[in-house]
Amino acid sequence: MSYSAVAAARRRRFPIIAPTLAVLLGLLVSGCGINRIPTYEEQAKAKWSQVENQYQRRSDLIPNLVETVKGYAKQEREVLEAVTAARSRATSIQVTPDLINNPDAFKKFQDAQAQLTGALSRLLAVSERYPDLKSNQNFLALQAQLEGTENRIAVARRDYIEAVRLYNTELKTYPGIFWARLLYANNKPMPEFSVADDVKRTPQVKF
Amino acid sequence: MRSLRQIALATLALVAALAFALPAAAQSFPPLSGRVVDDAGVLDAAMRDGVAARLKALEAENSDQLVVATVRSLQGYSIEDYANRLFRAWGLGQKDKNNGVLLLIAPNERKVRIEVGYGLEGMLTDAVSKLIIENDLIPWLRAKRYDVAASTGVDDIVQVLTGHAAQWQSRARARPAGPHVHDLGVIEPWSPLGIILFVVFGGAALVMAGVIGLLILSAGIRLLVFLHLLPHATDRQGGWLWLNRFDPPVDPRRARRLSHASRASDSSWSSSSSGSSSWSSSSSSDSFSGGGGSSGGGGASGSW
């Protein structure tokens, strides 16, 4: 008898606390999704500007490299000119933070950088044939810097791809999808790098 | 019907259990057991301690975190990829300065790399790292004298980081650079498993945050009840008085027994809620740990 009275007393209190807590919990859970979309978007943009930085750094190394190689291997004119032309094509593309929102410009940027990568690897393969060049301290330093920059580009691209996946996933899954429709209707998924660019094919020259 | 408190407790317990049931990382890195991590077991113990002492002195001098590591296997990754992930997993360098350096030796794959954090890329440039590797590390590694290689590498890096690079560079220039075979390493594609793990860990972090939020919420409600800002379960104050009409007729003795019963269950709730907050993890250790810095792929590699 006392148990049912206790239970009855509890049942009377139930309708107040339970719905209040449920509403508060609901707000807690759903409210935290609202900031994720702009946060992830800003993170992805920051990673993209880092990618652009590293590509720019590579472009800056190239004139010095071309001059050094010319000093020893003047006859390799086509390769040197190809590198210089590819570099100017790559740097002529206006690199703005807005590039990721423009799929055509993004693709052009990717293609230009991929061409530059190809021209560079041909140049380095050709320079393997000149032992004087290969033992030149300046050339070795440049080569080390170039390898380091290529690695940095790879790391920056990895970070960017990861940030973009987070952002794109957030736009498509609960609860982000509600906030996207409600507040961020203009936000489109960001582009990722195409698969072909992710694997850098370079000629491996060994003696 | 069970009380709300019991349901909330059960939910908390379930959520906590789920949070801990999530899987650990699939790529296994050796733990950061100290400043010299000898996973491959090729370093002599006495030399290891000497090197560790010098590394500790470097950190004391300018907070740079230099770590020497040997690994048994690169698990199929390129050394650039593995070194960068290991660096980030260990979080070398102070968080605000990113001044970490990792000297990684993989004796089985015969590769070596110096991975430099963002903050030190200006001082320990790629060219300098390459020179250290080619001139000082590779000859010793080729002769399988791993501890001498590590020790010499550490000395060189410490000289560069403490601003004595000029001395070291003049020594290096005097040495003739032998014939090199350079191949631009194939960059591995990003693993989808890594993305999945990142999302999983992000989800786990959110769940933990939700659980902590629930605890704070329950504590907050209890505090408000205590301060009489929210009505206590057994009293009907102010705006809740209209619910009196739903009370069945009850005699005063039974009412007192009811209020005692509910207060007893209140105290049991508070003790169990404080008990459930004891599972927060502690990760302190009195030895070396990473400062939370990161690396962007700077440095140089070599193979022998």
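Just so we're on the same page: letters track the sequence lines, and every chain starts at 1. Quantities reported herein were computed from a predicted structural model and do not represent experimental measurements.
Remark: Arg85(B) CZ to Trp90(B) CH2 distance equals 15.0 Å, nearest 0.5 Å.
Using a 4.5 Å cut-off between heavy atoms, Asp159(A) contacts chain B through its side chain alone, with no backbone atom that close. The contact between Ala141(A) and chain B is made by backbone and side chain atoms together, counting heavy-atom distances below 4.5 Å. Using a 4.5 Å cut-off between heavy atoms, Gln50(A) touches chain B through its side chain atoms alone.
Aromatic ring centres of Tyr55(A) and Phe109(A): separated by under 6.0 Å.
The minimum heavy-atom distance between Arg152(A) and Gly298(B), with the atom names listed, is NH2-CA, 3.2 Å.
A donor atom on one side chain and an acceptor atom on the other are not found under 3.5 Å apart for Asp111(A) and Gln115(A).
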